[in-house]
Amino acid sequence: MSSLKLGVEVVGAHDLLAKDGQGSFCAFVELEFDGQRCRTTTKEKDLNPVWNESFYFNVSDPNKLSSLPLEAFVYNHNKANNAKTCLGKVRLTAPSFVNYSDAVVLHYPLEKRSIFSRAKGELGLKVFVTDDPSIKPSNPLPAMEPDVVPKSISKEKTGKRHTFFHLPNAKQPQQQQQKVTPAPPQQQMNYGVHEMKSGPQAFLGSSSQPFDYALKETSPFLGGGRIVGGRVIRGDRPTSTYDLVEQMRFLFVRVVKARDLPSKDATGSLNPYVEVKVGNYKGITKHYEKKQNPEWNQVFAFSRETVQSSVLEVVVKDKDLVKDDSVGFVRIDLHEVPTRVPPDSPLAPEWYRLEDKKGEKKKGELMLAVWYGTQADEAFPDAWHSDAIAPGDSTSVSPTYIRSKVYHSPRLWYVRVNVIEAQDLVPADKSRFPDAYVKVQIGNQILKTKPVQTRNMNPIWNEEFMFVAAEPFEDHLTFTVEDHAGPNKDETIGRTVIALNSIDRRADDRFVRTRWYNLEKSLSDAMDSDRAKKDKFHSRLHVCVCLDGGYHVLDESTQYSSDLRPTAKQLWKSSIGVLELGILNADGLQPMKTRDGKGTSDTYCVAKYGHKWVRTRTIVNSLNPKYNEQYTWEVYDTATVLTVGVFDNSQIGGSDNSRDNKIGKVRIRISTLETGRVYTHCYPLLVLHPSGVKKLGELHLAIRFSSTSMVNMMSQYSLPLLPKMHYKRPLSVIQQDILRHQAVNIVAARLGRAEPPLRREVVEYMSDANAHLWSMRRSKANFLRLTSVFSGLFSAGKWFGEVCTWKNPIKTVLVHTLFAMLVCFPELILPTVFLYMFLIGVQNYRYRPRYPPHMNTSLSCADAVSPDELDEEFETFPASKSSDIVRMRYDRLRSVAGRIQTVVGDIATQGERLQALLSWRDPRATTIFVLLCLVAAIVLYVTPFQMIALLAGFYVMRHPRFRHKTPSAPINFFRRLPARTDSML
């Protein structure tokens with residue numbers, strides 16, 4: 001019997017349907033799971049019953065948990081005939097079964113049990129999985145008596161069931177009660193929480209830019225074969241799991257341990273270490289003090305391309321202050337080294353007897369394992385690499401920050417804090433009422449309420465704040481009530497500290513209970529839980545605090561977001577596909593540093609998608625590094641972006657405080673990738689410097705997106721882009737910017753504590769932390785993007801102007817004919833429009849983009865930007881330039897804002913003129929307009945609509961001979977209407 005159990009806590013129900021004729025309800029709940037049934041107690045005459053009862057079900061086969069549904073039925077007990085009536089049910093599947101630490105109470109809308117039944121209200125459940133052996137399963141419910149089986153059950157159709165996958169929404173009951181036919185567990189419909197904007201593209205070509213900055217498609221030989229046009233052509237070589245990278249062969253040497261080593265100095269001690277040498281490359285293990293049986297268990301990887309020797313030489317040495325002495329040698333012929341291909345088991349190490357330089361046996365043995373392998377070997381990530389040092393450098397040891405690693409960003413929560421009121425405050429100066437305010441703090445995040453002046457000691461604020469916190473919670477939530485006694489004179493009245501682990505969690509906008517907290521004078525007293533029991537009198541603070549798990553914590557811009565799931569794991573949906581990335585190599589990198597009189601770079605790549613960050617190993621002293629590392633992510637929404645950046649490792653040969661230089665980054669939107677196709681391209685690494693845009697090299701990537709369910713993926717396009725809480729209780733733009741900044745700081749701090757650390761400048765560059773700052777270049781680019789969007793409308797207006805001016809008489813006559821047909825047969829208008837768009841889409845399919853989008857210098861206005869604008873864009877915040885420069889930029893900004901102000905004023909003027917038509921602001925104009933409306937109503941009543949439309953169309957498209965150069969009478973009338981500009985100061 002498996003020890004795995006499913007726990008269900010039945011919290012309560014809300015707004016149930018009355019059934020006893022007296023406006024009440026005798027409710028109980030029955031739970032069914034894996035052939036087991038349990039029921040709660042009956043709550044009489046209560047439409048909002050509360051149970052708070054827990055039940056545990058045995059899971060007979062944990063492997064089948066994903067296919068086992070949990071069903072909860074709400075019944076009304078009729079005492080008159082001892083019968084029960086089902087008024088709704090809730091059906092949950094595997095995505096709702098999470099660990100106890102991630103479980104929160106969710107209120108599910110009750111569904112109809114049959115077509116003819118009724119359902120109303122919600123049921124609150126907390127569902128979790130536990131393997132605690134001390135928990136005993138609940139007593140099962142005996143079989144129902146035949147006379148109490150409701151008729152609705154016997155007539156129920158079992159062919160179709162409704163599966164609930166998302167949070168309830170009281171305002172949208174129809175969306176909640178969509179019926180879905182369940183598929184097998186591995187093919188069930190995955191309803192995500194995101195929405196993508198789709199539509200026909202009028203302009204498929206990208207803005208022109210220099211050829212050197214363009215994307216280039218390649219056809220490399222990868223592990224699965226050659227890539228030609230996105231397809232894999234299988235070769236003679238065997239395929240491997242690393243089929244998106246080139247196979248790189250390495251010589252692996254595992255130095256395990258040594259025994260019976262001889263002493264080398266007069267004291268009889270030995271400080272051993274091992275030097276592994278192949279050709280000009282050397283790797284050194286750590287050394288031990290006074291140990292003759294050391295254990296290292298270190299792996300060295302030498303690239304086979306750079307190995308120019310046929311002998312592997314392993315030397316055991318004694319660390320000394322003056323000169324390191326040789327203890328013994330082990331020499332291995334590389335032609336005799338075996339080849340290991342995963343999934344073969346690791347090669348067993350062997351004992352080798354030490355020899356001297358002449359080949360004679362000496363005392364002591366060394367355990368080694370030597371084999372040839374590829375980057376698919378499990379020893380590869382933690383191995384010392386020969387490309388991490390320069391040839392002939394015997395002093396460099398590969399530090400931990402050179403190795404490739406995978407990071408997971410912390411799970412972020414929004415903390416909602418509502419400061420309501422305080423009670424019985426005791427200020428230091430008792431002769432006056434306090435001017436009190438509350439300072440709320442989590443780590444480095446500090447927010448304050450407004451000072452409140454009251455005529456008593458019980459101020460009321462009722463202000464709400466939002467913070468960001470990361471699991472595991474390390475900081476506490478601190479409330480400090482202070483008295484603003486005067487300028488720069490704030491006195492602390494009291495404070496209280498709340499542990500974030502003790503705060504209620506919610507996944508929707510359900511009511512959270514408010515609490516009173518005692519205020520202590522000092523921080524140590526506030527953190528002492530026993531202090532409150534000793535003191536009888538306390539000032540108190542009334543607050544409402546909760547962890548909002550229904551939001552997605554934005555730690556990157558929504559335009560480049562790589563994950564849109566909510567914080568609460570219970571709301572996560574199944575993945576819709578798999579994204580595979582092969583980081584092949586970089587070419588033509590620009591030198592970022594000087595070493596031995598030559599320019600060089602020590603580069604590594606960082607890729608971010610969702611919560612998973614990956615970092616390749618650092619390739620030292622190479623302007624054309626080869627990484628050939630492959631990584632995989634699960635995709636939950638196609639409206640997300642993969643970001644890959646290249647950086648120069650400044651810790652090599654520099655101080656730990658040196659910043660890693662950015663070389664460039666690439667963004668790839670998942671929705672632009674065809675499923676199953678392998679994209680192999682060289683992406684230009686473009687970086688904007690104060691001197692202008694520069695290309696610092698090219699990055700060669702192989703990308704493949706595979707969909708696990710086409711139906712689930714297509715259904716994503718009808719769902720909201722963000723979780724439901726972003727629309728039910730939206731955050732303001734200012735709040736989002738502040739919280740995003742705090743989230744980036746938290747992620748950077750957590751990843752910076754990993755080993756090796758992912759540095760803050762890397763996280764900020766990958767997350768576009770400074771994208772919200774003002775940039776004249778970016779403003780111009782956005783304006784040109786806007787004009788490009790409306791260029792189709794402008795072109796249509798220009799074409800219609802040519803028709804009206806009879807520039808091409810034949811085309812104009814045809815347009816008149818088509819217009820007359822559409823007016824006479826209006827039912828053809830919409831079919832014609834949609835058929836026209838269909839034909840345009842079919843025609844553009846031949847010219848669809850065959851490559852992902854990439855950085856465009858022309859679109860970004862980076863190729864013609866002035867040096868002063870670039871200098872302003874790279875200016876710190878707040879500004880650090882001289883006052884003259886800041887004044888000049890401020891005047892320029894005022895000039896631009898003045899033009900925008902004029903345009904906004906003109907738009908407002910036109911709207912006010914429309915309002916003036918019926919406002920009698922100009923009594924003569926309103927009289928004329930009212931009389932014209934009366935005449936138009938009579939004429940339109942007696943004249944067929946087709947005739948009016950035909951005459952109006954022909955009048956607009958009349959020949960230039962019948963036109964005047966002056967504006968028409970309606971335009972003149974509209975321009976004479978008054979606006980409110982004369983009332984402005």
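Only a predicted model underlies this, so the values are computations on that prediction, with no experimental measurement involved.
Within the structure, every pair that satisfies the salt bridge (Lys or Arg N to Asp or Glu O under 4.0 Å) test and touches residues 776-799, not counting sequence neighbours, is listed here: Arg777-Glu873, Arg778-Glu873, Lys780-Glu869. Sorted by first and then second residue, the pairs that involve residues 760-771 and meet salt bridge (Lys or Arg N to Asp or Glu O under 4.0 Å), not counting sequence neighbours, are Lys665-Asp768, Arg667-Asp768, Arg759-Glu761, Arg760-Glu764. Residue pairs meeting the side chain to side chain donor-acceptor pair (under 3.5 Å) criterion with at least one partner in residues 969-985, sequence neighbours excluded, do not occur; the list is empty.
Contacts of Lys662 classified as side-chain hydrogen bond (donor to acceptor under 3.5 Å, both in side chains), with partners at least two apart in sequence or in another chain: none. For Gln843, the side-chain hydrogen bond (donor to acceptor under 3.5 Å, both in side chains) criterion is met by no residue, not counting sequence neighbours. Applying the side-chain contact (heavy atoms from CB on, under 4.5 Å) test to Ala470 and every residue at least two apart in sequence or in another chain returns Pro410, Leu412, Ile746, Arg750. Residues satisfying the side-chain contact (heavy atoms from CB on, under 4.5 Å) test with Ile885, not counting sequence neighbours, are Lys881, Ser882, Arg889. Remark: Lys694 pairs with no residue by the salt bridge (Lys or Arg N to Asp or Glu O under 4.0 Å) rule, at least two apart or across chains. Looking at residues two or more places apart in sequence or on another chain, you find no side-chain hydrogen bond (donor to acceptor under 3.5 Å, both in side chains) involving Gln901. With sequence neighbours excluded, the residues forming a side-chain contact (heavy atoms from CB on, under 4.5 Å) with Asp737 are Val733, listed by chain and number. Listed by chain and number, the residues in a side-chain contact (heavy atoms from CB on, under 4.5 Å) with Gln590 are Leu696 (sequence neighbours excluded). Under the rule for a side-chain hydrogen bond (donor to acceptor under 3.5 Å, both in side chains), the partners of His741 that lie at least two apart in sequence or sit in another chain are Asn745.
Between Glu463 and Lys450, none of the side-chain N atoms (NZ, or NE/NH1/NH2) sits under 4.0 Å from a carboxylate O, so this pair counts as no salt bridge. By the 4.0 Å N-to-carboxylate-O rule, Glu464 lies close enough to Arg729 to be salt-bridged with it. Salt bridge present: Asp509 and Lys728 bring a charged side-chain N and a carboxylate O closer than 4.0 Å.
In this structure, Thr926 and Ala916 approach most closely via the heavy-atom pair OG1-O, 3.6 Å. Between Thr640 and Tyr609, the shortest heavy-atom contact is OG1-OH, 2.6 Å. Residues Tyr213 and Pro684 come closest through the heavy atom pair O-CG, 3.1 Å. Nearest heavy atoms, Leu564 versus Ser561: CD2-OG, 3.3 Å. Closest approach of Phe647 to Ile663, counting heavy atoms only: C-CD1, 4.0 Å. Closest approach of Gly550 and Pro566 over heavy atoms only: O-CB, 3.8 Å.
Surrounding NZ of Lys811 are more than 12 heavy atoms belonging to other residues, nucleotides or ligands, all under 6.0 Å away. In the displayed structure, Ile734 atom CD1 is contacted under 6.0 Å by at most 12 heavy atoms of other residues, nucleotides or ligands.
A donor atom on one side chain and an acceptor atom on the other are found under 3.5 Å apart for Ser895 and Arg899.
Side chain of Trp920 to backbone of Thr927: no donor-acceptor contact under 3.5 angstrom is found.
Rounding to the nearest 0.5 Å places CD1 of Ile668 at 14.0 Å from OH of Tyr851.
A 4.5 Å side-chain heavy-atom check between Tyr683 and Val644 finds every atom pair outside the cut-off. Between Glu556 and Val641, every side-chain heavy-atom pair lies at or beyond the 4.5 Å cut-off. Counting heavy atoms from C-beta on, the side chains of Gln441 and Thr480 never come closer than 4.5 Å. At least one side-chain heavy atom of Leu784 sits less than 4.5 Å from a side-chain heavy atom of Cys861. Counting only heavy atoms from C-beta outward, the side chains of Trp613 and Val763 approach each other to under 4.5 Å. Side chains of Phe973 and Leu917 form a contact here, defined as non-hydrogen atoms less than 4.5 Å apart. Side-chain contact between Tyr551 and Arg416 is present, with heavy atoms from C-beta onward closer than 4.5 Å.
The aromatic rings of Phe954 and His816 lie parallel to each other, with less than 30° between the two planes, well short of the 60° mark. The aromatic rings of Phe962 and His959 sit perpendicular to each other, their planes meeting at more than 60°, with 30° as the lower class boundary.
Under a cutoff of 6.0 Å and an axis angle of 45°, Arg958 and Tyr955 form a cation-pi pair.
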